[in-house]
Amino acid sequence: MRERPHALSIGTNILYDAFYLPNYGWAPSPNIILEYYPRRGNWTIVGSFTFPYYHRWGKHKFYQIRDYHLEARRYFSPGFHHTGLYLAAYANCNIYGIGFSKRKGWEGEGVGGAVKVGYAVNLGKCWRLDLYAAGGVYWTKFDPYVYGNPITGSEADGLYYYNYTGDVRLFKKRNHHRTWVGPTEVGITFTWDVLFYRLRNSGASFRRYE
């Protein structure tokens with residue numbers, strides 16, 4: 001019985017799973033990470049999806065994000081184990097709605113790109129531990145929003161409004177933008193191999209041994 005090489009793994013960033021957001025509180029951010037290992041070579045492809053969706057209506061607090069991430073990764077250790085040091089580059093895009101109070105809320109969209117350095121450790125059987133950090137650029141366009149009419153201050157209708165007090169005829173959505181250059185991601189990820197290559201043909205299966 002021989003062990004098959006891995007083809008696909010699934011994982012989660014436990015730092016996101018235990019995330020704390022200042023001014024909001026504890027906000028674990030569910031995330032799924034998939035890594036595909038081609039049959040030959042040291043390059044892999046990684047895709048991830050982060051999707052927290054929280055709201056505290058009574059306190060007017062919101063933490064809602066949909067982030068999509070695509071990455072190319074190059075391992076430097078020889079062989080097909082995909083452990084040790086690696087470098088990567090990724091692009092991401094997201095939409096978000098974040099609110100801390102009646103008068104502090106933002107919604108918008110953003111895109112970014114970064115380079116990443118990491119180190120993967122084999123934990124035996126089908127498990128690996130992945131440690132990494134990334135730095136790059138993130139650009140977003142957004143609008144602040146408030147609870148109640150920003151001109152009259154009335155909250156009678158129980159609605160949220162864009163925080164805009166100028167001529168309504170001149171209003172344009174996403175009139176604010178911001179660029180961030182610096183650290184963009186840090187992670188401690190546990191991954192589990194879920195798919196393996198067959199040894200005698202080009203197919204794949206969920207069985208680890210043949």
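Along the sequence shown, residues carry numbers from 1. Scope of the values below: all heavy atoms of this structure, side chains included, with no hydrogens, waters or symmetry mates.
Contact check for E35 versus H82: no side-chain heavy atoms found under the 4.5 Å cut-off. Side-chain contact between L123 and F190 is present, with heavy atoms from C-beta onward closer than 4.5 Å. In this structure the side chain of Y162 reaches within 4.5 angstrom of the side chain of R174, judged on heavy atoms. Contact check for D130 versus N13: no side-chain heavy atoms found under the 4.5 Å cut-off. V115 is not listed as a side-chain neighbour of L87, based on a closest heavy-atom distance of 4.5 Å or more.
Annotation: the span from N149 atom CG to T165 atom OG1 amounts to 10.5 Å, rounded to 0.5 Å. Rounding to the nearest 0.5 Å gives a distance of 11.0 Å between CG of L8 and OG1 of T44. One distance of note links CH2 of W139 with CZ of R178; it measures 13.0 Å at 0.5 Å rounding. Note: Y20 OH to W26 CH2 = 12.5 Å, rounded to the nearest 0.5 Å. The OH atom of Y37 sits 10.5 Å away from atom OH of Y197, with the distance rounded to the nearest 0.5 Å. If you take CG on L195 and OG on S205, they are separated by 7.0 Å, rounding to the nearest 0.5 Å.
A ring-centre distance under 6.0 Å is not found for Y86 and Y119. Remark: aromatic rings of F51 and Y53 are distant, center separation not under 6.0 Å. Ring-centre distance between F100 and W106: below the 6.0 Å cut-off.
Looking at S77, its side chain does come within 3.5 Å of a backbone N or O of T83 through a donor-acceptor pair. Side-chain atoms of K61 come within 3.5 Å of backbone atoms of N23 as a donor-acceptor pair (strictly under, hydrogens ignored).
In this structure, the ring pair (Phe, Tyr, Trp, His ring centres under 6.0 Å) partners of F62, at least two apart in sequence or on a different chain, are W57, Y160.
If you chain together hydrophobic residues whose side chains sit under 4.5 Å apart, L70 and I33 never meet in one group. Under the 4.5 Å side-chain heavy-atom criterion for ILVMFWY residues, no single connected hydrophobic cluster contains both W192 and Y75.
Looking at R4, K125, R128 one by one, the single match for salt bridge (Lys or Arg N to Asp or Glu O under 4.0 Å) with D193 turns out to be R128. Partner of Y138 under the side chain to side chain donor-acceptor pair (under 3.5 Å) criterion, out of N92, N94, T179: N94 alone.
Closest heavy-atom contact between P5 and L199: CD-CD2, 3.7 Å. Shown here for W180 and P183, the closest heavy-atom pair between the two residues is NE1-O, 2.8 Å. Closest approach of A88 and E71 over heavy atoms only: CB-OE2, 3.3 Å. The two residues A7 and Y36 make their nearest non-hydrogen contact at O-CD1, 3.4 Å. The nearest pair of heavy atoms linking P28 to P52 is O-CB, 4.4 Å.
No hydrogens or angles considered: a donor-acceptor pair under 3.5 Å links the side chains of Y90 and T184. D17 and N31 form a side-chain donor-acceptor contact under 3.5 Å, judged by distance and modelled atom types alone.
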Inset, instruction - Apply the test side chain to side chain contact (heavy atoms under 4.5 Å, CB included) to residues Y96 and T140: give CA-CA distance (whole Å), side-chain angles for both, the deciding distance (0.1 Å), then the verdict. - result: CA-CA 10 Å; Y96 59 85; T140 179; 2.6 Å; yes

Inset, instruction - Given side chain to side chain contact (heavy atoms under 4.5 Å, CB included), test Y16 with E185 step by step and report yes or no. - result: CA-CA 10 Å; Y16 289 178; E185 185 184 22; 3.5 Å; yes

Legend entry - Derivation and outcome, side-chain hydrogen bond (donor to acceptor under 3.5 Å, both in side chains), residues R56 and Y54: CA-CA 7 Å; R56 300 175 183 173; Y54 302 114; over 6 Å; no

Inset, instruction - Mind running side chain to side chain contact (heavy atoms under 4.5 Å, CB included) on V186 and Y132 for me, showing each step along the way? - result: CA-CA 6 Å; V186 63; Y132 54 85; over 6 Å; no

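A salt bridge is defined here as a Lys NZ or Arg NE, NH1 or NH2 lying under 4.0 Å from an Asp or Glu carboxylate O, and E107 with R66 fails to meet this definition.
Figure legend: cation-pi geometry between R74 and F76, with NZ or CZ positioned under 6.0 Å from the six-membered ring centre and within 45° of its axis.
Shown here is H176, whose NE2 atom has more than 12 heavy atoms of other residues, nucleotides or ligands within 6.0 Å.
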